Structure formats: C-alpha cells, structure tokens
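To keep things clear, I will list the structure first and then write my remarks on it.
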Amino acid sequence: MGKIPSINEQMDLIRQGVEEIISEEELIKKLEYAKAEDEPVIVKLGCDPSVPDLHIGHAIVLRKLRHFQDLGHQAVLVIGDFTGMIGDPSGKSKTRPQLTYQEVRDNADTYVEQASVILDVDKLKIVFNSEWLGEMTFKDVITLAGHYTVARMLERDDFENRYKNEVPISIHEFLYPLAQGMDSVKLKADVELGGTDQKFNLIVGRNLQRAYSQDPQVIITTPLLEGTDGVEKMSKSYRNYIGITESPGEMYGRTMSIPDTLIERYFEFATEVPPSELSMIKQQLMDKSVNPRDLKRQLAREIVTIYHSEKAALEAEKEFDRIFISKDIPESIEEYRIGPEPVALLQVIVDSGLVSSKREGRRLVEQGAVRLDGEKITDFHYTISVKNKVILKVGKRRFLRLVP
RNA sequence: GGGGAGGUGGCAGAGCGGUCAAAUGCACCAGACUGUAAAUCUGGCGGCGAAAGCCUUCGGUGGUUCAAAUCCAUCUCUCCCCA
C-alpha cells in the first residue's frame with residue numbers, strides 16, 4: 001500500500017454521509033497504524049440474506065464500504081447465513097419461514113451481484129458466518145452469553161420500547177447481537193459499518209472484542225433513508241422504496257414522487273454529488289432560487305445514472321415529461337387484444353390487469369380517471385368494440401393500447 | 001403454580017349485542033389545482049350488482065340470540081403481576 005492517502009484525506013472521505021463514528025480518535029489511530037505498518041484496516045459489513053432485493057437506502061452503507069476499498073482497506077462482507085437460517089430477529093413479524101441452505105446461498109449471490117454496482121467485488125472478501133457460528137457448541141454459546149447482561153441488552157431502544165409496551169421479545173433475540181459480535185471477534189474487525197438501527201449491535205461487537213482481548217472495533221453508522229412516502233424508513237415491506245435493479249423509468253418516476261422536503265437528504269445520501277455541489281444545492285433549496293422541481297429532476301437523473309446510465313436517465317426524463325407535463329402518451333405502450341366483439345370496458349380493465357377488481361374499475365370511472373383516446377368515460381357500463389387501435393388510459397400513468 | 005389483560009382491515013389504533021364493511025391517523029388510489037408522481041384541497045380505499053340487496057372479513061372452532069367484532073364454551077398465541 002505505497003500510495004495511501006494521508007490520514008486527513010482519508011478522514012474527509014470517511015466522514016462524508018455518516019451519522020456517527022465511535023470514535024474518531026480510535027479510527028485515526030487505526031488508520032495511522034495501518035499506514036505505518038502497511039496493513040489495511042479490516043472493515044466489516046454484515047448483510048441479511050433474507051432480503052435479496054437492495055434499494056437505494058441500502059446503497060448508503062455499501063457506498064461507505066466502497067470508500068474504504070478506494071482508500072486501500074480490506075472490505076469484508078459478512079453474509080449472515082447462519083442467522084438467516086434460524087429465522088427472524090426483529091420480533092414483530094411472525095414466524096418467518098426459515099430459509100434453506102440453498103435459498104440463503106442464492107440470496108447471497110443476488111446480493112453480491114446487486115452490490116457489485118457499488119462495490120469492487122474483486123477486492124471484496126466475502127464470508128459466511130455459519131462457518132464459525134455453526135461450529136459453536138451450546139457450551140460456547142452460554143460462555144458467550146455470559147459476557148453480557150440483561151440490563152445491558154435492555155439498553156437497546158428497540159428492546160426497551162418493546163418491553164415497556166408489552167411487545168414480546170424472545171430470548172433468542174438477545175443472542176443475535178452476540179452472534180453478530182462474534183463475527184467481529186472472528187474477523188478481528190477494525191471497523192464495522194451499519195445503519196443507525198444497527199448501532200446497538202455494533203457496540204455489542206465492540207464490547208465482545210474487548211472481552212476477547214481484542215482491540216475494539218470502531219463503529220460507523222450511516223443514516224436510514226426515508227422512503228418515497230417521506231414518512232416511513234425505506235423498506236421493502238412498505239412499498240416506498242427505489243430498488244437498485246428497477247427500470248430507469250420507474251426509478252426516475254419514484255424519485256420524482258418524493259416530497260420536496262426530502263430532496264436534500266436524497267442528494268446527500270443517495271447520490272455521488274461532491275460536497276461543493278451539495279452545499280450549492282442546499283443553498284438553492286434554502287433561498288428558493290431554483291424551482292425545487294428542477295432540483296428534483298436533477299436528483300432523479302443522478303440516481304438513474306448511478307444504476308443505469310446517463311443516457312437512460314435522459315430518456316427516462318423525456319418520457320416523464322411527456323406523460324406528466326405534456327400529458328401525452330408514453331412512447332411505447334403495451335398492447336392488449338380484445339377482438340372485434342363488443343365487450344364491457346370494465347371487463348377489459350380488469351382482465352388486462354390494469355385494476356384488480358370491477359369494483360375498483362368502477363370507482364375509477366366514477367372519479368373520471370378512465371379515458372379512451374383522451375375522451376373521458378363516465379358510464380361504467382360502457383361497452384367497447386375496437387375497430388382501430390385505441391389508447392386506454394386509467395389514472396395518470398396506466399396505459400394500454402387496445403387492438404382488435 | 002396463582003391472578004389479571006389482550007389478539008380488529010397494509011400499519012398504528014377505536015369499537016365491546018343491532019344504526020359495523022367496522023371511528024381516526026398514516027400509507028395507498030383518483031380528481032382539482034400546480035412547479036413534479038411535491039405541497040394543498042376534495043373524493044375513494046372488501047367483493048358481486050344499475051339498484052335494492054347479497055356474499056366474505058374483526059386469532060381458530062363450536063354455541064346462545066331474530067341479530068355477534070361485540071355474549072358463552074373451547075382451542076391457540078401474546079403480555080403483565082405474584083410465587
């Protein structure tokens with residue numbers, strides 16, 4: 001590692017877009033040591049193989065890991081296959097079906113594949129925690145558990161709240177942070193990354209390393225991004241996420257649907273815009289010198305560009321403008337064959353999958369959301385017979401080309 | 001082992017014999033407006049039906065009743081307190 005950047009330069013990059021570093025002094029020490037000894041710092045990130053689809057919220061922490069890679073450090077991705085095979089740690093959900101070995105492997109593959117958009121996979125060390133956790137005996141586990149107390153476990157906000165609100169916490173949930181901490185011990189991690197929701201677990205890892213006479217890891221937390229609804233955290237279970245494998249059009253549109261108040265955060269955490277530009281954007285948002293819509297357009301382009309290409313971003317933008325600004329029809333519309341016989345329009349809407357029930361279709365007609373070739377349909381008994389192609393439009397963004 | 005409180009729609013959370021397809025908030029969908037799928041306002045938000053109405057839903061099952069999310073029995077899961 002001859003050309004390692006200076007500690008200051010490293011810290012500048014590391015500090016970008018993080019919530020908290022515990023502690024900076026320790027990190028600097030580790031970096032200094034690494035530089036002096038020409039030994040990379042070991043940076044750990046754990047992932048949950050039960051959710052294979054990544055969204056741009058996950059990307060924040062992945063990007064941070066990438067930063068460490070760029071600085072010449074050793075990134076380690078820990079696939080939590082062991083914990084994944086046992087079940088769900090976040091007590092609320094019911095018995096999530098346990099994943100089989102094969103499912104976990106497949107998910108892990110998908111994860112790495114998707115993460116490769118952000119990480120340098122060639123330099124990435126990938127490990128499965130079943131390797132060591134699966135080897136532990138019950139006695140080992142008890143010994144491990146002996147390093148922690150219930151009171152300290154209850155320090156975790158989530159546990160504390162659930163305890164207070166009489167929401168069940170099962171014993172095995174206490175073991176998850178310990179298991180995760182064990183990963184750090186095994187890997188002799190210098191740094192562990194995670195979302196702010198992981199802070200507690202990361203600290204447990206730190207404490208366990210101490211218990212095992214290791215130099216405790218530095219923990220770095222990254223913010224959890226709000227979803228497109230602007231209310232909940234971005235998560236697959238609410239449909240408020242932007243998946244990193246989504247089509248450019250979908251990605252662009254979903255970005256445009258975030259509340260204006262989120263523009264700044266998205267710029268800061270979901271894109272690669274340099275700090276100088278970021279501060280300019282913040283300024284523009286504050287003094288309202290630029291229409292927020294235009295900033296959001298820029299944001300949407302940035303995001304699509306990261307996961308697709310600039311070209312795709314521009315095309316997506318064009319399409320978006322077409323539909324929502326010019327109120328035009330999309331460039332390409334799916335065709336749906338209905339034959340020359342007269343059919344109830346409602347039936348067509350349901351059969352084609354545009355809406356899920358006649359009831360819903362009817363509501364939409366009543367609300368004036370259904371148009372045929374631009375003409376509003378007001379009668380839900382409307383019967384259609386197609387001689388030439390017709391454009392069926394439901395709401396603002398559902399289109400179908402009906403062909404005989 | 002004993003005592004008590006609960007399981008309601010995507011989530012949170014009311015209801016506690018009929019007026020309950022189930023308040024309210026969030027999410028979601030649509031319309032208006034607009035600067036965008038932003039904000040705001042309005043409407044909708046189980047299914048079939050033109051409608052009347054009918055069917056399925058309040059942890060599972062079985063009852064009581066003209067009528068049950070609401071009462072009873074039982075099963076199951078959860079929480080709290082005492083030991």
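What you see is a predicted model; the values in this text were computed from it and never measured. So that the names make sense, note that chain A is the first sequence line, chain B the second, and so on, each numbered from 1.
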Rounded to whole Å, how long is the line connecting atom CD1 of I349(A) with atom C1' of rG47(B)? 17 Å
Which part of the nucleic acid does K393(A) contact within heavy-atom distance under 4.0 Å: base, sugar-phosphate only, or nothing? nothing
May I ask you to test the R371(A)-I377(A) pair for a side-chain heavy-atom distance under 4.5 Å? no
Using atom types as modelled and distance alone, determine if a side-chain donor or acceptor of S309(A) lies under 3.5 Å from a backbone N or O of T305(A). no
Salt bridge K186(A)-D183(A), side-chain N to carboxylate O under 4.0 Å: no
Partner of rC26(B) by Watson-Crick or G-U wobble geometry, both contacts under 3.5 Å, or none? rG10(B)
Look at the side chain of R363(A) and decide which nucleotide, out of rC45(B), rA37(B), rA50(B), has an atom nearest to it. rC45(B)
Could R297(A) and F320(A) be counted as a cation-pi pair, given that NZ or CZ must be under 6.0 Å from the ring centre and within 45° of the axis? no
Carboxylate-amine/guanidinium contact K29(A) E25(A), below 4.0 Å: no
For RNA chain B, which residues of residues 286-303 of chain A approach it to below 4.0 angstrom with any heavy atom? N291(A), P292(A), R293(A), K296(A)
Which atom pairs, one a donor and one an acceptor, fall under 3.5 Å between side chains of residues 274-281 of chain A and the rest of the protein, sequence neighbours left out?
residue, atom, partner, partner atom, Å
E277(A), OE2, Q298(A), NE2, 3.0
S279(A), OG, P275(A), O, 3.3
S279(A), OG, S276(A), O, 2.8

For R362(A) and rA30(B), is the shortest distance between a side-chain N/O and OP1 or OP2 below 4.0 Å? no
Looking at R105(A) and D109(A), does any basic side-chain N land under 4.0 Å from a carboxylate oxygen? no
Y241(A) OH to rG10(B) P: how many Å, rounded? 18 Å
Euclidean distance, atom CD of residue E366(A) to atom C1' of rG31(B) [Å, nearest integer]: 13 Å
If you draw the axis of the six-membered ring of F269(A), does the NZ or CZ of R265(A) fall within 45° of it and under 6.0 Å from the ring centre? no
Give the rounded distance in Å between these two atoms: CZ of F324(A) and P of rU36(B). 11 Å
With a 4.5 Å heavy-atom cut-off, do L31(A) and H73(A) have their side chains touching? yes
Using the C1' atom as the reference point in each nucleotide, state the distance between rA32(B) and rU24(B) in Å, no decimals. 25 Å
F380(A) six-ring centre to R363(A) NZ/CZ under 6.0 Å and within 45° of normal: no
Using whole Å, report how far CD of E360(A) lies from C1' of rA21(B). 17 Å
What parts of residues 223-234 of chain A reach RNA chain B, counting only heavy atoms under 4.0 Å away? D229(A), V231(A)
Would you mind reporting whether I14(A) and L71(A) have side-chain heavy atoms less than 4.5 Å apart? yes
Taking only heavy atoms on the protein side, list every residue of residues 251-258 of chain A lying under 4.0 Å from any atom of RNA chain B, sorted numerically. G253(A), M256(A), S257(A), I258(A)
Atom-pair distance (NZ on K236(A); P on rG10(B)), nearest Å: 19 Å
Give the rounded distance in Å between these two atoms: CG of L354(A) and P of rC29(B). 14 Å
According to the Watson-Crick and G-U wobble definitions, with both distances under 3.5 Å, which nucleotide is paired to rU61(B)? rA73(B)
Can you tell me how far P of rG35(B) sits from NZ of K327(A), to the nearest Å? 11 Å
Between L346(A) and Y382(A), is any pair of side-chain heavy atoms under 4.5 Å apart? no
Go through residues 367-381 of chain A and report each residue with a non-hydrogen atom lying under 4.0 Å from RNA chain B, sorted by number. Q367(A), G368(A), A369(A), F380(A), H381(A)
Of rA30(B), rG31(B), rU36(B), the nucleotide closest to the side chain of F320(A) is rU36(B)
With sugar-phosphate meaning primed atoms plus P, OP1 and OP2, does L262(A) contact a base, only sugar-phosphate, or nothing at under 4.0 Å between heavy atoms? nothing
As a test of reading the structure: which of rA37(B), rG35(B), rC48(B) is closest to the side chain of S357(A), going by heavy atoms? rC48(B)
Can you measure from CD1 (I203(A)) to CD (E155(A)) and round to the nearest 0.5 angstrom? 8.5 Å
Hunt down the Watson-Crick or G-U wobble partner of rU40(B), both distances under 3.5 Å, from any strand shown, or write none. rA32(B)
Assign Y238(A) to base, sugar-phosphate, or nothing according to its heavy-atom contacts below 4.0 angstrom with the strands shown. nothing
I want to confirm an ordering. Mapping K358(A) and G249(A) to their closest nucleotides on RNA chain B, which one lands closer to the 5' end? G249(A)
Flag yes if more than 12 heavy atoms outside E334(A) fall under 6.0 Å of its CD atom; otherwise flag no. no
ring-ring contact (aromatic ring centres under 6.0 Å, His included) with H55(A): which residues, sequence neighbours excluded? H58(A)
